[in-house]
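Everything on this sheet refers to the single structure shown next.
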Amino acid sequence: MLEETGLRYEMAGVPFKPRAYERAAAAVRALPEPVCERYRREGQEALDALPGIGESIAQHIADICTRGTFPEFDELRKRFPVAVRELTALEGLGPKRLRLLYEAFGVKTLEDLRNVLEHKPHKLAGLPGWGEKTVAHLRESLALAQQTRGRLPLGFILPSAERILQTILAIRGVRRAAIAGSIRRRKETVGDIDILVATTDPERLAEAVVALPEVVHVHQKGSARTSVRLSLGLDMDVRAIEEERWGAALLYFTGSRAHNIHLRTYAESMGYKLNEYGLFQGKRCVAAETEEEIYAALHMPYIPPELREDAGEIEAALGGTLPTLVPYGALQGDCQVHSTWTDGTASIEAMARAAWESGLSYIAITDHTRALAMTGGLDERALDRQAEEIRRVNATLQKEGIAFRVLHGAEVNLLKDGSLDISREALAKLDCVGVGVHSHFSLPPEEQTKRLLHAIEHPLVDIIFHPTARLIGRRDPITFDVDAVFTACARTGTALDIDAFPDRMDASDTLIRQAVEKGVRLVVSTDAHAPSHLAYRELGIAQARRGWAPKESILNTLPVDAFLAHLKRNRSRRNAR
DNA sequence: GCCGTTTTCGGCCCGACTGTTTTCAGTCG
């Protein structure tokens, strides 16, 4: 609603308010919980305290939470009863042109626009500032919109992006190229692919990009920027720059937008000007070649891309309190791996060998348990048989001189009332017990909280797998009292999982950050159902980094013995209570 | 409407591309 208000103020030609509402909408979106929950718990002053939200908009949000709307919203909607978000989502159609469409032809919906395009194309082309090409462009945008897939999970897009990058690196004149944008920040979903290229021949680059086999439509083509639609259903922007500007351009095109604006504003306060060509003092370029030297010139340490969301990282950098993030490659084990014993596609031994070859030194086999009937979940007797199999695999590997351990775990179902579908005696035999929510996703928050707390307090539960049970684009996260749950995790030592399977990526970055602040221990797991999935662990690390997690907070960066000792210590702690 | 190492008024990121214009408006990122 805030976003729509911004768009309608823009339609009305009101200056500055559009940006203010846009910023406020971004602030609301950045919250780790629904804004109305924060309002109900902490009141309107807590909203006013958010960056970009002042007295007026805080009041609007309060109105939305209590009445479902606010006066300005109703007035603007009456003035422009138009599906603004749907329509402005079309490439090339913004609020100003939308206003013309509405006032001249009464266009309110995509369907109205389709009709006008079909029946009155010449009248459209006669609007002030419009022409034949504007109309043709709009027609193409409408067709493209039907094939747009929205934001997709990072892990599903990254391989394609990296393949395209390799092709671009081979174009003549190209000196350097890198993926920038939200992919470089390792945001959990990707809306488009940004590629930065240092080249001596920008025209050749543009020609080569539009000729890529993946390209289905060209939005624009120029010597500095070429923008295309890919067959994946996503857009790709390729920017050409001179090699001397690499750092400034990479910084600029990595974003986020909010980070850039904050950084630029800060640079200005120091008497500099910052843009994609460099950091300038008057006409003199102070820094441009590397990101490091630009941050250094602004008296800041290097801020890793994963943190660049304007979520306090610039203040932390200036104050010297930036965390030392868990490095890539730091995981020694994978805490959640499936096999053919339930819904995996490979045997325990095959998964173990694949993990060993990929550089890990242990995995926990965590097949599903009884109540998850669709996966053929294991009962106590099957778990005993599986233990035998794991002993056999460990013995085989040891005989071959492979220093690798398969741990016996399980992904135990958390039942509606918070109890587990496997007996205590059976759980006690396992090296590593994870619990997962696979049913009753929409319980009221109080009940869901109680259910999770039950599992967290259980003496034999080591890990809460994929804590919110969301599936990106398909299922919303379950709602619970985050504060209560994390407080309990910190106290009991029960670890929180970062499930790195691309459409889970659960916990989210904002939840991880809250957990880290509370002192909750984490694990990163891949939820691998096939050997190739083991590679997702670096995306899990990326997610941990986006949650400001240091290496010490992640248990499976420990060698296997220390990892097991840690779980054991926490079990006895819970038993003592 | 928001905000403050240019603070409670007076600013608000800025450059590229397109299509329409003869110098710029709209859109995008």
Side-chain angles (χ1 to χ4, degrees), chain A residues 2 5-7 9-27 47-61 70 72 87-101 124-138 140-141 180-182 191-196 202 206 218-228 235-241 245 248-249 251-278 280 298-299 310 314-315 318-319:
Chain A
L2 295 175
T5 305
L7 285 167
Y9 270 129
E10 186 110 45
M11 284 179 81
V14 174
F16 305 114
K17 287 193 189 188
R19 224 62 339 106
Y21 278 89
E22 194 181 294
R23 281 198 68 203
L47 303 180
D48 199 346
L50 294 171
I53 296 180
E55 208 180 325
S56 301
I57 294 186
Q59 178 63 55
H60 294 338
I61 295 173
F70 59 99
E72 284 82 350
L87 284 159
T88 56
L90 294 176
E91 159 83 28
L93 184 59
K96 298 287 166 64
R97 286 180 181 155
L98 183 53
R99 179 176 180 172
L100 285 176
L101 284 175
L124 267 183
L127 287 173
W130 291 49
E132 297 296 337
K133 287 196 171 180
T134 318
V135 177
H137 185 189
L138 209 49
E140 280 168 10
S141 294
S182 60
D192 64 0
I193 298 173
D194 288 294
I195 296 186
L196 180 68
V218 178
H219 297 303
Q220 48 178 228
K221 193 181 92 175
S223 60
R225 173 170 149 192
T226 296
S227 172
V228 296
D235 288 343
M236 175 170 76
D237 272 346
V238 179
R239 329 269 186 151
I241 51 128
R245 310 287 178 195
L251 181 62
Y252 188 85
F253 294 122
T254 296
S256 66
R257 216 166 96 128
H259 178 87
N260 284 351
I261 291 174
H262 193 157
L263 206 59
R264 185 187 301 242
T265 311
Y266 180 71
E268 263 167 35
S269 76
M270 289 179 71
Y272 293 119
K273 186 174 128 87
L274 178 64
N275 60 26
E276 59 265 55
Y277 300 110
F280 297 89
L298 296 172
H299 302 151
D310 194 22
I314 291 174
E315 292 85 347
L318 290 171

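Per chain, numbering begins at 1; letters A, B, ... match sequence-line order.
- Counting non-hydrogen atoms under 4.0 angstrom, A/Tyr266 reaches nothing in the nucleic acid.
- Mapping A/Tyr9 and A/Val135 onto DNA chain B by nearest heavy atom places A/Tyr9 at the nucleotide closer to the 5' end.
- Each of B/dT27, B/dC13, B/dG1 was ranked by its minimum atom distance to the side chain of A/Arg97; first place goes to B/dT27.
- A distance of 4.5 Å separates CD1 of A/Ile314 from NE2 of A/His259, quoted to the nearest 0.5 Å.
- Nucleotides B/dT6 and B/dG1 have their P atoms positioned 27 Å apart, rounded to a whole Å.
- Separation of the C1' atoms belonging to B/dT18 and B/dT23 is 15 Å when rounded to the nearest angstrom.
- For A/Ala20, counting side-chain heavy atoms from C-beta on, the closest listed nucleotide (B/dG1, B/dC3, B/dT6) is B/dG1.
- Only the C1' atoms considered, B/dC13 is 12 Å distant from B/dG29, to the nearest whole Å.
- Side chain of A/Ser56, nearest nucleotide from B/dT20, B/dC13, B/dG1: B/dG1.
- For B/dT20 and B/dA25, the C1' atoms lie 9 Å apart once the distance is rounded to whole Å.
- A donor-acceptor pair under 3.5 Å links the side-chain atoms of A/Arg97 to the main chain of A/Gly92, judged by distance alone.
- The listed nucleotides are B/dG1, B/dG29, B/dC17; the one nearest the side chain of A/Ala224 is B/dC17.
- Residue A/Lys17 places its side chain closer to B/dG1 than to any other of B/dG29, B/dG15, B/dG1.
- In this structure, A/Tyr21 and A/Phe70 have parallel ring planes: the angle between them is below the 30° cut-off, well short of the 60° mark.
- Between A/Phe16 and B/dC2, no base-stacking contact is recorded for ring centres under 5.5 Å apart and planes less than 30° from parallel.
- Contact check on A/Arg257 versus A/Glu22 returns a salt bridge, with a Lys/Arg side-chain nitrogen under 4.0 Å from an Asp/Glu carboxylate oxygen.
- For A/Arg225, the listed nucleotide lying nearest its side chain is B/dC28; candidates were B/dG1, B/dT27, B/dC28.
- Spacing of C1' atoms, B/dG10 relative to B/dA16, comes out at 29 Å, to the nearest Å.
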